[in-house]
Amino acid sequence: MNMNGGVDAIAQQQATNNPASSKQSKPNLQPVDSHSVARRLQSELMALMTCGDPGISAFPDGDNIFTWIGTIKGGEATVYEGLSFKLSLRFPTDYPFKPPLVKFETSCFHPNVDQHGNICLDILQDKWSSAYDVRTVLLSIQSLLGEPNNNSPLNSYAATLWPNQEEYKKVMIKQSREGSGR
């Protein structure tokens with residue numbers, strides 16, 4: 001009698017009898033190699049430096065390739081035009097399989113940004129794909145500035161003001177002056 005076949009049959013029977021065990025997520029088949037993550041981040045840095053997208057940039061913060069500082073300029077014809085925002089990007093060791101943690105370091109009054117700089121953006125959460133890169137993230141945040149998702153606000157006050165762009169801009173400028181010490 002083949003013992004491995006018996007063990008496999010028992011494991012399969014247990015999975016059949018216990019639906020919860022069959023719902024377990026599949027483990028990542030390849031162990032994450034921090035050197036390959038660092039190489040990918042180096043490659044993304046080079047691509048970002050040569051892409052020429054206006055209003056976005058990011059570079060490692062010092063010698064740590066896993067921690068970056070980014071800059072986004074507000075889009076033309078938005079209430080954020082002419083403004084510049086500093087972001088922090090922290091890449092997990094299992095990047096790109098997990099999204100980076102991205103936060104506004106500059107005060108940003110916005111429906112999808114809370115008072116601590118946390119950002120509510122689907123691609124930084126449940127809609128993340130390993131096909132995304134730093135450029136995609138920065139462009140998405142830049143786009144979010146002019147097109148917030150008011151159905152899922154982190155800042156409900158900003159979301160209620162958004163339809164009245166004139167009033168919104170007044171409050172945003174006031175909040176920006178008060179919060180520039182962040």
CA sep, side-chain torsions, deciding dist, call: I119, L154, side chain to side chain contact (heavy atoms under 4.5 Å, CB included): CA-CA 8 Å; I119 305 165; L154 284 180; 5.8 Å; no
Does any part of the side chain of [Y], heavy atoms only, come nearer than 4.5 Å to the side chain of [X], both counted from C-beta?
{"X": "W68", "Y": "L41", "answer": "yes"}
{"X": "T78", "Y": "L145", "answer": "no"}
{"X": "F109", "Y": "L161", "answer": "yes"}
{"X": "F91", "Y": "I65", "answer": "no"}
{"X": "P100", "Y": "Y95", "answer": "yes"}
{"X": "Y80", "Y": "M172", "answer": "yes"}
{"X": "L87", "Y": "I72", "answer": "yes"}
{"X": "K174", "Y": "R177", "answer": "no"}

N/O donor-acceptor pair under 3.5 Å between [X] side chain and [Y] backbone:
{"X": "T160", "Y": "Y157", "value": "yes"}
{"X": "N149", "Y": "L121", "value": "no"}
{"X": "T106", "Y": "F85", "value": "no"}
{"X": "Q142", "Y": "K73", "value": "yes"}
{"X": "S143", "Y": "L139", "value": "no"}
{"X": "H110", "Y": "L144", "value": "yes"}
{"X": "D94", "Y": "F97", "value": "no"}
{"X": "S140", "Y": "T136", "value": "yes"}

Shared hydrophobic cluster, I69 / V137 (ILVMFWY, side-chain heavy atoms < 4.5 Å): no
Same apolar cluster (I L V M F W Y, side chains within < 4.5 Å links), I141/L83: yes
[X] and [Y]: which non-hydrogen atoms are nearest, and at how many Å?
{"X": "S57", "Y": "L138", "answer": "O-CD1, 3.8 Å"}
{"X": "E81", "Y": "E76", "answer": "CD-CA, 3.8 Å"}
{"X": "S152", "Y": "C120", "answer": "OG-SG, 3.2 Å"}
{"X": "P96", "Y": "W128", "answer": "O-NE1, 2.7 Å"}

Looking at [atom1] of [X] and [atom2] of [Y], how far apart are the two atoms once the value is rounded to the nearest 0.5 Å?
{"X": "F59", "Y": "L45", "atom1": "CZ", "atom2": "CG", "value": "7.0 Å"}
{"X": "N150", "Y": "N112", "atom1": "CG", "atom2": "CG", "value": "7.0 Å"}
{"X": "S88", "Y": "L101", "atom1": "OG", "atom2": "CG", "value": "6.5 Å"}
{"X": "T93", "Y": "K98", "atom1": "OG1", "atom2": "NZ", "value": "10.5 Å"}
{"X": "F66", "Y": "L89", "atom1": "CZ", "atom2": "CG", "value": "13.5 Å"}
{"X": "K170", "Y": "E166", "atom1": "NZ", "atom2": "CD", "value": "5.0 Å"}

Y168 and W162 aromatic ring geometry - parallel, tilted or perpendicular at 30°/60° bounds: perpendicular
Salt bridge (Lys or Arg N to Asp or Glu O under 4.0 Å) partners of residues 43-66, not counting sequence neighbours, each pair once: R40-E44, D53-R135
S176/S107 under side chain to side chain contact (heavy atoms under 4.5 Å, CB included): CA gap, chis, key distance, verdict: CA-CA 6 Å; S176 153; S107 179; 5.6 Å; no
Greater than 12 external heavy atoms within 6.0 Å of E147's CD: no
